[in-house]
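Written out below as structure tokens is the structure these notes cover.
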Amino acid sequence: MNINELLRELREDRIHGASWYFLKGIDAVRIALENGLSTNDIRVLLDELRSVRPGMASILNLADIIEHALNAGLDLGIVISKLRSWYDSALERLEKHLDKFPVMCGSRAITISYSSAVRKALSRWGKCFETLYVMESKPGDEVSQAIKDYSSHVSNVIPIPDSAIAYFMRNANYVISGADGLYSDGYFLNKIGTETLFIIAHRFDVNTVVISESYKAATGGIGDVYTVDVNIAGFSISIPLFDKVSLDLIDYLVTDYSIIKKPKTEDIENLRELFINNVLNPSE
């Protein structure tokens, strides 16, 4: 696959989350290096990656790291290798913290969209869940993939309409979500509908759990997010694909470094600093 084909795949995707984009972004820079692209051409590629999903922290962090490496004259091959190694090691560390989280067996959970982090959590917790409700997550087609993958870990997976979450929340014990970005301005980014889900969860005193690796943590915040056009009853409506959800709505943030109860902005800043410093540290 060449770079243009890879960028087209990223723009047209309506299923995958931040981890998949992170890996695809690494692949794009690797291909650029293998094809001998100039420093200026790689910078143009980074701008293309940033524009694919505005606000997706994993892509923004990747682009910022490569930009820094270019400015500092670092070996991009080594940086790319360390980014990929970080992805793998973050997953291993995340599994250890997921195993420490005290999930109540016989419980019910609700999730939204499709997330590799949620899939990983279900691989550790799934036997404790009597039922997993998966929101239809319109717009988008990820619910089919979510049901397929999550059913490997939870015996009873039930899709529900987005409009029915208050009804099903009355019997839920957990709301589980991934994140496309954790921002120190005080919110996390995830598929539109997540804010409504978390607000209703708090209305019914249901525990909210966000699972996210450190490479999704970003300093500051974002402006515009990626929008899509949807057709409803013959009307074309432009809507954002992501919600900015206040950190105040998170009861537990499970990361590859720790389980954080009621996360604060400084927790997000510390996560990003750990990630950036480890990848860019020339002594490692």
Side-chain angles (χ1 to χ4, degrees), residues 13-18 101 103-123 125-180 187-212 225-254:
D13 179 75
R14 293 292 183 272
I15 295 176
H16 298 95
F101 190 82
V103 176
M104 180 178 67
C105 283
S107 56
R108 298 181 179 90
I110 301 178
T111 190
I112 182 171
S113 188
Y114 178 80
S115 165
S116 61
V118 169
R119 184 186 65 206
K120 180 56 64 178
L122 293 175
S123 74
W125 303 345
K127 291 181 180 179
C128 273
F129 289 141
E130 176 185 295
T131 302
L132 175 69
Y133 299 110
V134 182
M135 290 171 60
E136 192 177 12
S137 307
K138 293 294 184 181
D141 303 317
E142 63 266 35
V143 66
S144 296
Q145 186 68 44
I147 293 170
K148 178 182 176 182
D149 282 11
Y150 297 168
S151 293
S152 298
H153 309 296
V154 183
S155 59
N156 192 29
V157 177
I158 301 175
I160 61 173
D162 294 348
S163 58
I165 52 177
Y167 172 80
F168 287 96
M169 192 68 71
R170 289 175 170 84
N171 294 316
N173 306 99
Y174 299 98
V175 159
I176 305 171
S177 172
D180 288 297
Y187 54 84
F188 74 99
L189 200 73
N190 202 55
K191 176 73 180 286
I192 191 166
T194 305
E195 183 173 26
T196 304
L197 175 64
F198 273 61
I199 288 171
I200 293 174
H202 271 240
R203 161 69 177 81
F204 289 98
D205 294 322
V206 173
N207 287 310
T208 56
V209 185
V210 173
I211 302 120
S212 177
V225 299
Y226 187 74
T227 60
V228 295
D229 293 326
V230 297
N231 188 285
I232 302 176
F235 290 84
S236 181
I237 305 167
S238 181
I239 64 169
L241 197 57
F242 301 103
D243 271 341
K244 297 178 181 179
V245 187
S246 173
L247 295 179
D248 292 340
L249 293 173
I250 303 176
D251 292 322
Y252 299 94
L253 174 62
V254 183

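Hydrogens, waters and symmetry mates are skipped; everything else that's a heavy atom, side chains included, is used.
- Distance CG/N190 to CD1/I112: 6.5 Å, rounded to 0.5 Å.
- Every residue meeting the salt bridge (charged side-chain N to carboxylate O under 4.0 Å, His left out) condition with K120, not counting sequence neighbours, appears here in chain and number order: E95.
- Checked against ring pair (Phe, Tyr, Trp, His ring centres under 6.0 Å), Y226 has no partners two or more places apart in sequence or in another chain.
- The main-chain N or O of S107 is never found under 3.5 Å from a side-chain atom of N173 such that the two would form a donor-acceptor pair.
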Give the table of side-chain donor-acceptor pairs shorter than 3.5 Å for residues 203-211, with sequence neighbours excluded, one pair per line with atom names and distance.
residue	atom	partner	partner atom	Å
T208	OG1	L249	O	2.7
T208	OG1	D251	N	2.9
T208	OG1	D251	OD2	3.3

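- Residues satisfying the side chain to side chain donor-acceptor pair (under 3.5 Å) criterion with S137, sequence neighbours excluded, are absent altogether.
- You'll find the side chain of L197 stays beyond 4.5 Å of the side chain of S177, heavy atoms only.
- At a threshold of 4.5 Å between non-hydrogen side-chain atoms, the residues F198 and D243 do not count as touching.
- Looking at residues two or more places apart in sequence or on another chain, you find a side chain to side chain contact (heavy atoms under 4.5 Å, CB included) between S236 and D229.
- Side-chain contact check for M135 versus I160: some heavy-atom pair is nearer than 4.5 Å.
- The line from NE2 of H16 to OG of S115 is 11.5 Å long, rounded to the nearest 0.5 Å.
- In this structure the side chain of V175 reaches within 4.5 angstrom of the side chain of M169, judged on heavy atoms.
- Here NZ of K138 is found 11.0 Å from CD1 of I232. Values are rounded to the nearest 0.5 Å.
- Here the CG atom belonging to L132 is positioned 13.5 Å from the OH atom belonging to Y174, to the nearest 0.5 angstrom.
- Judged as a side chain to side chain contact (heavy atoms under 4.5 Å, CB included), and not counting sequence neighbours, the contacts of S151 are I147, V157.
- Under the side chain to side chain donor-acceptor pair (under 3.5 Å) criterion, D180 pairs with no residue at all, not counting sequence neighbours.
- Using a 4.5 Å cut-off on side-chain heavy atoms (C-beta onward), L122 and S152 make no contact.
- With sequence neighbours left out, the side chain to side chain donor-acceptor pair (under 3.5 Å) criterion links T131 to N156.
- Among residue pairs with one or both ends in residues 131-171, those qualifying as ring pair (Phe, Tyr, Trp, His ring centres under 6.0 Å) are Y114-Y150, Y133-F168; sequence neighbours excluded.
- Within the structure, salt bridge (charged side-chain N to carboxylate O under 4.0 Å, His left out) pairs that include any residue of residues 152-165 do not occur (at least two apart or interchain).
- Scanning for salt bridge (charged side-chain N to carboxylate O under 4.0 Å, His left out) contacts around D149 gives R119, with sequence neighbours left out.
- Legend: residues meeting side chain to side chain donor-acceptor pair (under 3.5 Å) with E142, ordered by chain and number and at least two apart, are S113, K191.
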